[in-house]
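So the structure is just underneath, and the comments pick up after that.
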Amino acid sequence: MESVYDAAGGADGLLRLADAWHARVIADELVGHAFRLGVLPDHTERLAAYWGEALGGPPTYSQNYGNETSVVRIHSGNGPHGEMNDRAIDCFDRALEDAGLAGDERLRAVLRDYFAWATTTTMYRYHDSAYDVPEGLAIPHWSWDGLVEA
């Protein structure tokens with residue numbers, strides 16, 4: 001069976017999605033707040049590599065940028081922000097359309113489910129401090145059936 005990564009267009013498809021999502025969140029009044037201090041110049045490439053690895057693609061993120069611990073730490077220590085999460089998910093839904101990935105309803109649903117899950121669980125687990133994030137976390141993998149248990 002084709003991986004979610006392949007169905008999404010591989011590295012190119014996920015880079016289009018990361019670019020589209022990034023443009024939408026930057027423009028969003030609430031979510032854009034998280035990006036106002038700036039991002040790394042290769043933010044969208046890193047994001048696409050992370051999503052790619054999580055969705056069944058090559059381990060590009062782990063080999064070049066870090067592990068799950070480093071990603072979760074970036075998103076931690078910001079206190080509860082449920083409304084911002086909801087808006088980020090809405091931006092993702094719209095970015096699927098912008099990136100041309102909304103035509104296949106099954107693909108759209110699995111990508112949305114993955115993003116919503118990651119946004120509201122792994123990236124939202126450590127409200128108090130980034131120092132609470134454990135060392136050595138592996139990037140979670142997601143398939144057509146949801147979270148792949150390690």
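Remember, predicted model here, so these are calculated numbers, not experimental data.
Put simply, the side chain of Tyr50 does not reach to within 4.5 Å of the side chain of Tyr65, judged on heavy atoms. A 4.5 Å side-chain heavy-atom check between Leu55 and Trp144 finds every atom pair outside the cut-off. Phe92 is listed as a side-chain neighbour of Leu111, based on a closest heavy-atom distance under 4.5 Å. Side-chain contact between Val71 and Met123: present, with at least one pair of heavy atoms (C-beta onward) separated by less than 4.5 Å. In this structure, Tyr114 and Pro140 have side chains that are not in contact, with every pair of non-hydrogen atoms separated by 4.5 Å or more. You'll find the side chain of Trp142 stays beyond 4.5 Å of the side chain of Val148, heavy atoms only. Residues Arg73 and Thr69 have side chains in contact (heavy-atom distance under 4.5 Å, counting atoms from C-beta outward).
Although no hydrogens or angles enter the test, the distance criterion places no donor-acceptor pair under 3.5 Å between the side chain of Trp21 and the main chain of Thr44. Of the possible polar contacts, one joining the Glu53 side chain to the Ser62 backbone as a donor-acceptor pair under 3.5 Å is found. For Asp93 (side chain) and Leu96 (main-chain N/O), no donor-acceptor pair under 3.5 Å exists by modelled atom type.
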_One pair to check against side-chain contact (heavy atoms from CB on, under 4.5 Å): Asp28 and Arg24. What are the steps and the verdict?_
CA-CA 6 Å; Asp28 184 275; Arg24 286 208 172 262; over 6 Å; no
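Using modelled atom types and a 3.5 Å distance limit, the side chains of Thr119 and Asn85 yield no donor-acceptor pair. With hydrogens and angles left out, the side-chain atoms of Asp6 and Ser3 include a donor and acceptor closer than 3.5 Å.
Summarising the geometry, atom OG belonging to Ser70 is positioned 7.5 Å from atom CD1 belonging to Ile139; distances are rounded to the nearest 0.5 Å. Taking OG1 of Thr122 as the reference point, atom CD of Glu68 lies at 5.0 Å (rounded to 0.5 Å). Leu30 contributes atom CG, which lies 11.0 Å from atom CG of Asp90 (distance to the nearest 0.5 angstrom). Atom CD of Glu45 sits about 12.5 Å away from atom CG of Leu14, to the nearest 0.5 Å.
Using a 4.0 Å cut-off between charged nitrogen and carboxylate oxygen, Glu105 and Arg112 do not count as a salt-bridge pair. Comment: Arg16 does not engage Asp12 in a salt bridge, judged by the lack of any side-chain N to carboxylate O separation of less than 4.0 angstrom.
Ala102 approaches Arg108 most closely through the heavy-atom pair CB-NH1, 2.9 Å. Among all heavy-atom pairs drawn from Val25 and Cys91, the shortest one is CG1-CB, 3.8 Å.
Counting heavy-atom neighbours within 6.0 Å of Glu29 CD, excluding the residue itself, gives a total of 12 or less. By the 6.0 Å contact criterion, CZ on Arg94 is open, its count of non-hydrogen atoms from other residues, nucleotides or ligands being 12 or less.
Cluster annotation: Phe115 and Tyr5 are assigned to the same hydrophobic cluster (Ile/Leu/Val/Met/Phe/Trp/Tyr, side-chain heavy-atom contacts under 4.5 Å, transitive). Each of Leu15 and Leu47 belongs to its own hydrophobic cluster when Ile, Leu, Val, Met, Phe, Trp and Tyr are linked at side-chain heavy-atom distances under 4.5 angstrom.
In this structure, His127 and Tyr124 have perpendicular ring planes: the angle between them is above 60°, well past the 30° mark.
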